[in-house]
Amino acid sequence: MLDIQTLRNDLDAVVTQLKSRQFDFDTATFSALEAERKAVQTRTQALQAKRNSSSKQIGIAKAKGEDASAIMQEVAGLGEQLKADEIRLSEIQAALQNLLLHLPNIPHPSVPVGVSEQENIEVRQVGVPRSFDFDIKDHTDVGVPLGLDFDTGTQLSGARFTLMRGQVAKLHRALAQFMLDTQEKHGYEECYTPYMVNADALIGTGQLPKFEADLFSLQHNDSQLYLIPTSEVTLTNTVRDAIVAVDDLPIKLTAHTPCFRSEAGSYGRDTKGMIRQHQFDKVEMVQIVHPETSYAALDEMVGHAEHILKALELPYRVMSLCTGDMGFGAAKTYDLEVWLPAQNTYREISSISNCEAFQARRLKARFKNAEGKTEFVHTLNGSGLAVGRTLVAVLENYQNADGSVTIPAVLQAYMGGRTSITR
RNA sequence: GGAGAGAUGGCUGAGUGGUCGAAAGCGCCACCCUGGAAAGGUGGUAUAGGGGCAACUCUAUCGAGGGUUCGAAUCCCUCUCUCUCCGCCA
């Protein structure tokens with residue numbers, strides 16, 4: 001959520017900045033609502049002040065045993081006008097709030113301007129893709145004989161669900177364990193979080209109200225819950241409605257959870273294999289930081305995610321996303337893209353964003369600054385990494401001519417000392 | 001699932017219709033005292049929003065929402081959450 005003061009004081013600048021990310025801000029509606037809000041709010045508060053002072057006088061008069069009927073006559077009829085104004089005011093404020101909740105974040109000045117992923121900028125490439133002296137297979141052809149069971153996944157749940165068996169399932173677990181252990185060493189507190197959350201949590205991190213179609217939801221009794229699309233939701237919402245002590249910052253949290261996404265609107269994309277699933281595991285990193293340090297924290301988190309790829313010796317590149325390709329709540333985002341030899345390209349495996357105060361305003365997540373004033377924290381989140389896609393990358397990059405897959409050295413301890421998986 | 005109790009500021013906790021945004025204590029901050037500290041003393045110490053250049057001022061908030069009333073932390077209704085006991089259960 002953007003700061004409404006900024007919108008009031010410098011609307012044109014906001015419009016321009018949002019345009020850079022292909023967002024067209026309906027300023028007429030906003031300005032009309034604001035004008036009416038101001039008029040109605042001023043009037044309402046004047047009436048409330050009148051009512052309060054009169055009521056106080058009635059109380060004083062009655063305490064003294066005097067007759068209060070004159071004052072009571074004065075406020076008679078005030079109630080109806082006040083009621084009407086209060087109702088209208090709350091309608092206006094709800095409409096304004098709803099409008100604000102649909103506005104994306106303003107990009108940081110350092111973000112490249114562009115309309116699509118074509119304009120993302122490569123920051124660096126790390127590692128050299130391996131050369132193969134045999135015909136390489138994609139991860140499905142490598143993985144199916146080893147335990148990737150797409151057919152049974154489909155039988156159980158439909159398209160975009162996968163069952164894993166045996167050594168592949170174990171490799172998947174090893175990856176998640178390794179990532180979680182590593183991020184814990186980077187200073188993140190390990191968390192186990194709910195996989196279902198209420199609407200308030202999703203409003204806090206920005207998935208609702210705008211992106212409900214991307215979520216899986218469930219009815220339980222009279223309440224509605226949603227499956228988390230990422231543990232960014234649960235980890236970041238730990239500070240919802242909180243005023244944290246400045247000494248407690250930064251708060252660094254990590255969790256390994258499944259993520260559930262409906263993938264509405266991606267029909268036909270990545271239909272084969274494990275790249276795009278309705279359910280996938282991810283190790284998430286979240287930082288709650290002082291505003292002055294959020295960009296340093298962003299760089300640090302990119303390093304934490306890169307650490308996993310380096311340890312796994314997977315070639316990757318770091319991309320700075322352009323204005324048109326960034327997510328709703330991000331002020332600046334770096335993507336990590338891992339090399340997939342069968343696709344002969346880099347594919348996203350991690351996304352790390354600084355949301356600045358965008359989520360904090362929705363969450364009411366604040367801290368007391370040095371002057372003792374409350375101020376919004378900055379929030380960051382990033383994958384460290386997406387486990388399923390990392391499995392894909394390992395299967396493809398570590399495949400051997402005989403159909404076996406070498407286990408990356410750092411994972412061997414998690415695999416009971418095995419060095420490869422075979423049929 | 002059944003029965004009961006509760007939800008007040010950073011914390012503990014008083015407050016059953018009227019000068020209550022809320023006693024008191026703890027904590028925290030500043031100052032005094034001290035060589036320095038402790039103890040003691042004095043004062044300050046919620047959040048959000050509106051108006052104003054500002055000093056300031058107004059409004060809202062006692063779990064949430066509705067109602068009664070000139071006036072609600074207090075009375076009524078609905079909901080949520082927490083705790084205790086019983087049952088069931090991974």
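Keep in mind that what you see is a predicted model, and the values were worked out from it rather than measured. Chain naming here is simple, since letters A, B, ... match the order of the sequence lines and numbering starts at 1 in each.
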K.L.:
Could you tell me whether K56(A) contacts a base, only the sugar-phosphate backbone, or nothing, with contacts defined as non-hydrogen atoms closer than 4.0 Å?
P.N.:
sugar-phosphate
K.L.:
Do the ring planes of F25(A) and F30(A) sit parallel (below 30°), tilted (30 to 60°) or perpendicular (above 60°)?
P.N.:
tilted
K.L.:
For the side chain of T374(A), counting heavy atoms from C-beta on, which of C70(B), A48(B), U19(B) is nearest?
P.N.:
A48(B)
K.L.:
What's the gap between G13(B) and G71(B) when it is taken at their P atoms, as a whole Å value?
P.N.:
33 Å
K.L.:
Could you provide the dot-bracket string of RNA chain B, using ( ) for intrastrand pairs, [ ] for crossing pairs and | for bases paired to another strand, with Watson-Crick or G-U pairs below 3.5 Å?
P.N.:
((((((((.[[[..)..(.....]]]((((((.......))))))((((((....)))))).[[[[[..)....]]]]])))))))....
K.L.:
Hey, which sits more toward the 5' end of RNA chain B by its nearest nucleotide, I243(A) or I58(A)?
P.N.:
I243(A)
K.L.:
Measure the distance from CD on Q5(A) to C1' on G51(B) and round it to the nearest whole Å.
P.N.:
12 Å
K.L.:
Can you check each nucleotide of nucleotides 53-68 of chain B against protein heavy atoms at under 4.0 Å and return B for base, S for sugar-phosphate only, - for none, in 5' to 3' order?
P.N.:
-----BSS------S-
K.L.:
How far does the P atom of U45(B) sit from the matching atom of A22(B), given to the nearest Å?
P.N.:
11 Å
K.L.:
For a quick check of understanding: with a heavy-atom distance under 4.0 Å over all strands, which category does K364(A) fall into, base, sugar-phosphate or nothing?
P.N.:
nothing
K.L.:
Determine the minimum heavy-atom distance between T205(A) and E232(A), stating which atoms define it.
P.N.:
CG2-O, 3.9 Å
K.L.:
Between the side chains of T333(A) and S353(A), does any donor sit under 3.5 Å from an acceptor?
P.N.:
yes
K.L.:
Between G49(B), G71(B), U47(B), which one does the side chain of R366(A) approach most closely?
P.N.:
U47(B)
K.L.:
Examine the side chains of E212(A) and Y226(A) and answer whether a donor and an acceptor come within less than 3.5 Å of each other.
P.N.:
yes
